[in-house]
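Read through the structure below, which is laid out as structure tokens, and then see the notes.
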Number of protein chains: 4
Amino acid sequence: MDDDARPLRADARRNRALVLEAAEAILARDGLGASMRAIARHAGVGLGTIYRHFPTQEALYQAIIIDRTQRLVDRAQSLHHADDPGAAFFDFFTDIVENATRKKTLADVLADAGIDAKAGMSEISRNMRDAIETLLTRAQRAGAVRDDLHMPELLALLAATCMAAERNQWDRELRTRTLAIVFDGCRPRG
Amino acid sequence: MDDDARPLRADARRNRALVLEAAEAILARDGLGASMRAIARHAGVGLGTIYRHFPTQEALYQAIIIDRTQRLVDRAQSLHHADDPGAAFFDFFTDIVENATRKKTLADVLADAGIDAKAGMSEISRNMRDAIETLLTRAQRAGAVRDDLHMPELLALLAATCMAAERNQWDRELRTRTLAIVFDGCRPRG
Amino acid sequence: MDDDARPLRADARRNRALVLEAAEAILARDGLGASMRAIARHAGVGLGTIYRHFPTQEALYQAIIIDRTQRLVDRAQSLHHADDPGAAFFDFFTDIVENATRKKTLADVLADAGIDAKAGMSEISRNMRDAIETLLTRAQRAGAVRDDLHMPELLALLAATCMAAERNQWDRELRTRTLAIVFDGCRPRG
Amino acid sequence: MDDDARPLRADARRNRALVLEAAEAILARDGLGASMRAIARHAGVGLGTIYRHFPTQEALYQAIIIDRTQRLVDRAQSLHHADDPGAAFFDFFTDIVENATRKKTLADVLADAGIDAKAGMSEISRNMRDAIETLLTRAQRAGAVRDDLHMPELLALLAATCMAAERNQWDRELRTRTLAIVFDGCRPRG
DNA sequence: TATGAATGAGTATTCATTCAT
DNA sequence: GATGAATGAATACTCATTCAT
């Protein structure tokens with residue numbers, strides 16, 4: 001809670017990044033059974049170093065989620081001015097799900113976004129909602145997505161497909177077929 | 001080892017059921033971190049009693065999944081001869097997702113079904129696939145569901161919506177809206 | 001402690017014997033890790049039946065030891081009037097060790113005999129000492145065993161060889177060679 | 001896995017020794033029923049500390065045995081160049097047995113040596129056999145021990161006397177008397 | 001500042017023993 | 001009397017977290 005925004009020495013910043021990377025890798029491999037020691041070993045740092053950067057396992061996991069959320073925001077924003085808003089919307093959706101099969105914990109990001117929506121939402125999470133909403137609105141204005149598709153169900157669909165894709169390792173074919181159904185459901189009838 | 005299918009004393013059967021119920025409740029509350037002790041306490045039995053009925057935590061969890069799968073099969077089969085095959089199909093889907101918000105671990109059943117489909121599938125799991133496939137086929141014959149919707153993506157969609165609904169506790173409104181999209185995607189294009 | 005010497009119904013006596021036999025077999029197989037349940041299963045009786053005859057695991061084990069001790073006494077006494085007292089002595093020793101490789105817990109009998117010697121010795125244990133002492137004395141009178149070999153070290157040698165033979169499963173050859181040394185040590189010096 | 005023979009921090013080495021000592025003490029007191037917790041308490045360290053040094057109860061016990069074996073090897077080798085090879089042989093035997101009455105688990109070392117002899121024997125165990133064999137051979141060349149006494153029965157005798165001495169806490173008198181018999185059996189006749 | 005040794009609460013599981021059937 | 005279901009204390013072991021080096 002203290003914003004302690006000192007610039008962090010170069011090696012310290014590097015260690016922080018190493019830990020985050022290792023944590024993602026180990027989480028992907030071991031799931032919830034991942035241990036702090038395994039992460040430290042994979043990162044090539046001592047256990048204490050993890051705790052210097054993240055006071056708690058919980059804190060480390062949150063940092064990962066923030067990390068992921070930011071990347072997701074970046075991807076969404078990079079499509080905000082695409083020529084074809086419909087394609088941008090569906091491409092974004094497809095990319096997100098494809099990514100989920102590779103890196104776990106992505107689904108959590110989206111899942112929690114829906115929850116946070118109700119309560120006080122952290123800034124980063126709000127950014128994500130906004131970035132996605134922009135994609136949605138533009139696609140709707142372009143007539144590529146039905147007007148009665150709203151954010152809650154869109155986030156729900158994103159979270160659902162990501163969770164399942166990541167848990168069951170959807171292959172390309174299954175991903176394509178399943179999203180085809182969902183996308184058709186998103187398009188205007190008629 | 002020995003199949004020992006003796007009928008089980010009345011009190012023993014009751015305890016077995018108590019344990020299963022408690023396990024579901026505790027799993028819903030604590031997730032994968034649920035402890036055998038917590039389950040025993042919730043069931044009001046000693047730790048040893050759990051182990052008498054289920055030699056292993058793993059075995060207990062599998063028993064729960066089998067239990068759930070069977071209930072799902074029952075529900076599907078009860079709709080096999082419904083007058084309106086289209087309504088039967090969508091009602092089943094809706095019911096399943098609604099249930100998932102109440103009882104966790106339902107999603108796992110469906111998730112694993114997709115996986116097992118490829119490899120050797122246990123009998124109970126195969127039953128489930130068959131029961132669902134019947135619903136699908138009838139709905140397609142009735143023209144209520146598009147013909148190019150196949151089992152893999154149907155199971156994927158069921159698993160995805162159940163997982164998300166259960167994790168994020170979708171309320172009635174969100175459930176209705178989200179499924180509306182998916183269902184539209186399942187219908188033949190007009 | 002209450003001598004409760006009611007004659008025991010025929011089936012009860014049979015069960016008692018079954019349990020004792022099973023206990024020996026399981027102890028030989030599983031060593032100290034033997035469980036009451038395994039013994040019950042091997043005996044083909046319920047757990048409760050064991051506890052009806054032996055109030056405690058400890059009590060069961062003691063019963064086994066008493067059993068064994070008695071058999072050892074019988075064997076010794078059967079040799080008390082042998083024609084060749086020297087051969088009787090060494091044959092007894094050899095038999096005991098040979099038996100130890102087959103049935104565990106024999107060593108305990110002899111080991112404890114040495115200990116009890118000092119303190120108050122139970123009747124059965126005293127019988128054993130007496131029976132062995134008779135063999136020893138006769139062998140000494142016959143000039144086959146040195147006169148300065150006394151009971152304490154004789155019991156120590158018996159216990160030692162039994163323990164080792166049983167723990168390491170001495171084969172016939174090793175048994176013969178090792179006892180040859182000990183026996184030579186027992187003979188009068190020429 | 002990785003041999004990781006880092007020199008170990010001073011306090012860590014001290015704790016490792018503390019654990020080994022405590023384990024010996026508790027094993028001597030409680031026998032095979034000794035619990036890891038009891039050992040930790042006796043050593044004045046946390047449970048986790050034991051597991052840092054010995055990944056498994058089994059591993060801890062093996063470490064103790066290796067420790068003991070090494071000490072036994074040292075003692076034997078220190079007598080390899082004694083002036084009187086006969087005295088060296090019998091002194092070694094006597095020392096070993098005397099030690100067994102104080103520290104348990106010594107018998108196991110010798111017992112297992114006999115067994116390992118047949119199969120692949122670990123290096124340390126082979127060292128022990130070699131060291132003892134040297135004592136034996138020198139004593140035989142000096143005419144103090146009969147030529148037909150071979151390693152298998154010598155190890156058997158050592159194991160037997162150690163086991164019994166340790167189990168029944170042979171006092172000095174009993175030790176002397178019993179070994180006198182065995183030693184006479186080891187001497188050349190005539 | 002980084003390291004990894006130490007800690008101990010928490011986990012699954014076993015087993016002697018009791019007691020309702 | 002016999003059975004085996006229920007009990008819970010005890011066991012080996014793991015892992016997040018702290019802190020001396």
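What you see is a predicted model, and the numbers here were worked out from it, not measured in a lab. Chain naming here is simple, since letters A, B, ... match the order of the sequence lines and numbering starts at 1 in each.
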Toward the 5' end of DNA chain E, by each residue's nearest nucleotide, Arg37(B) or Gly46(D): Gly46(D)
For DNA chain E, the residues among residues 55-63 of chain C that have a non-hydrogen atom under 4.0 Å from it: Thr56(C), Gln57(C)
Side-chain N or O of Ser35(A) closer than 4.0 Å to phosphate OP1/OP2 of dC15(F): no
Minimum-distance nucleotide (side-chain atoms of Leu47(B) versus dT17(E), dG8(F), dA12(E)): dG8(F)
Along DNA chain E (nearest heavy atom to each residue), the more 5'-positioned of Gly33(B) and Ile50(D): Ile50(D)
Sugar-phosphate only, base, or nothing, as touched by Ala34(D) at under 4.0 Å among non-hydrogen atoms: sugar-phosphate
Electrostatic pair Glu24(A)-Arg71(A), nearest N-O below 4.0 angstrom: yes
Residue Thr49(C), side-chain heavy atoms: nucleotide from dT7(E), dA2(F), dT3(E) that is nearest: dA2(F)
Strand partner of dA20(E), provided both Watson-Crick or wobble distances fall under 3.5 Å: dT3(F)
His53(C) vs dG1(F): side-chain N/O to OP1/OP2 distance below 4.0 Å: no
Atom pairs, protein N/O to nucleotides 19-21 of chain F N/O, distance under 3.5 Å:
none

G-U wobble or Watson-Crick pairing nucleotide for dG8(E) (cut-off 3.5 Å, both distances): dC15(F)
